[in-house]
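All values derive from a computational prediction rather than experimental measurement.
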Amino acid sequence: MLLEVEDLAGGYGAARVLHGVTLAAARGAVTALLGANGAGKTTLMRTLAGLLPAAGGAIRFAGAEVTALPAAARVERGIALVPEGRLVFPALSVAENLRLGAIAPRARAGWRTRADEMYALFPRLRERARQPAGALSGGEQQMLAIARGLMSRPDLVLLDEPTLGLAPAMVRVVFDTIERMRALGLAVLLAEQDVRRALQAADAAYVIEHGRVIAAGRGADLAADARVRRAYFGVD
């Protein structure tokens, strides 16, 4: 396993959100993190990325303890967060956003070649390379957010609600991109409210509720689990 999380606790100051989360993510696999709004998915993603401190437990990445490392050091190790809401730099151009994605020392060499790879992955970004990111549609901004994350040469990509608010055609683009990441050997941890699509894409999945993992297994097995079907599909 590339990422191993053991008994992780955390939240926002005194407000505890995560209560002993344990999970793992493998190279070349998609691991889905499922749960309703407020379940703790975004808090977990931010804690794994180093944007929030852990209040207990351990995070191991590539066999090394990273629980106390700052966010920049985790990016340098190979962890990239594509945040909920995209959070591109709206006043900067598409090209400038991509350049900033390669600001970590591990990513500086060959960044131009990687930018060309991102334009090949998302041709629409090439067409809009000189436009400010704030002028892009929501789907285009999501493309840019994913491309910016990939510019850092990650081994693990944390995708937090990447299809939120997107049109169906753009949702397909996002999931096609996730499949390409898996084919490239990346580990993908996907927090997603579209449970059906997430389970179809996932090699493994965890269901989180009130900051705790309540179910885990292969994506196909959880799709057939009666609790998951009742909670998320409305069927028995």
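Between A71 and L51, the closest heavy-atom pair is CB-CD2, 3.9 Å. Nearest heavy-atom pair, A29 versus D203, reported as atom, atom and distance to 0.1 Å: CA-OD2, 3.2 Å. Taking both residues in full, the closest heavy atoms of T22 and Y206 are given as O-CE2, 3.9 Å, listed atom of the first, atom of the second, then distance.
Formation of a donor-acceptor pair under 3.5 Å by the N97 side chain with backbone atoms of F89 is found in this model. Side chain of Q141 to main chain of A133: a donor-acceptor pair is present (N/O by atom type, distance under 3.5 Å, no hydrogens or angles). A side-chain donor-acceptor contact under 3.5 Å links R74 to the backbone of T67. The backbone N or O of A201 sits less than 3.5 Å from a side-chain atom of R182, completing a donor-acceptor pair. Put simply, the side chain of E96 gets close to the backbone of S93: a donor and an acceptor are under 3.5 Å apart.
Note on R106 versus D155: salt bridge recorded, some NZ/NE/NH1/NH2 to OD/OE distance being below 4.0 Å. Checked for salt-bridge contact, K41 and E192 miss the test: no charged N lies under 4.0 Å from a carboxylate O.
No more than 12 heavy-atom neighbours from other residues, nucleotides or ligands sit within 6.0 angstrom of CD1 on I103. More than 12 heavy atoms of other residues, nucleotides or ligands shown are found within 6.0 angstrom of CZ on R60. Shown here is R130, whose CZ atom has no more than 12 heavy atoms of other residues, nucleotides or ligands within 6.0 Å. Open room surrounds CZ on R77; 12 or fewer heavy atoms of other groups in view lie less than 6.0 Å from it.
P83 is not listed as a side-chain neighbour of D160, based on a closest heavy-atom distance of 4.5 Å or more. The shortest distance between side-chain heavy atoms of N37 and Q193 falls below 4.5 Å. Y12 places a side-chain heavy atom less than 4.5 Å from the side chain of R46. The closest side-chain heavy-atom distance from L190 to L33 is not below 4.5 Å. T43 places a side-chain heavy atom less than 4.5 Å from the side chain of T47.
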| task | Start with the C-alpha distance between E140 and R128, add both sets of side-chain angles, then the distance that settles salt bridge (Lys or Arg N to Asp or Glu O under 4.0 Å), and finish with yes or no. | result | CA-CA 9 Å; E140 291 166 345; R128 290 154 172 73; 2.9 Å; yes

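In this structure, a donor-acceptor pair under 3.5 Å is absent between the side chains of R124 and Y119. In this structure, a donor-acceptor pair under 3.5 Å is absent between the side chains of D194 and T163.
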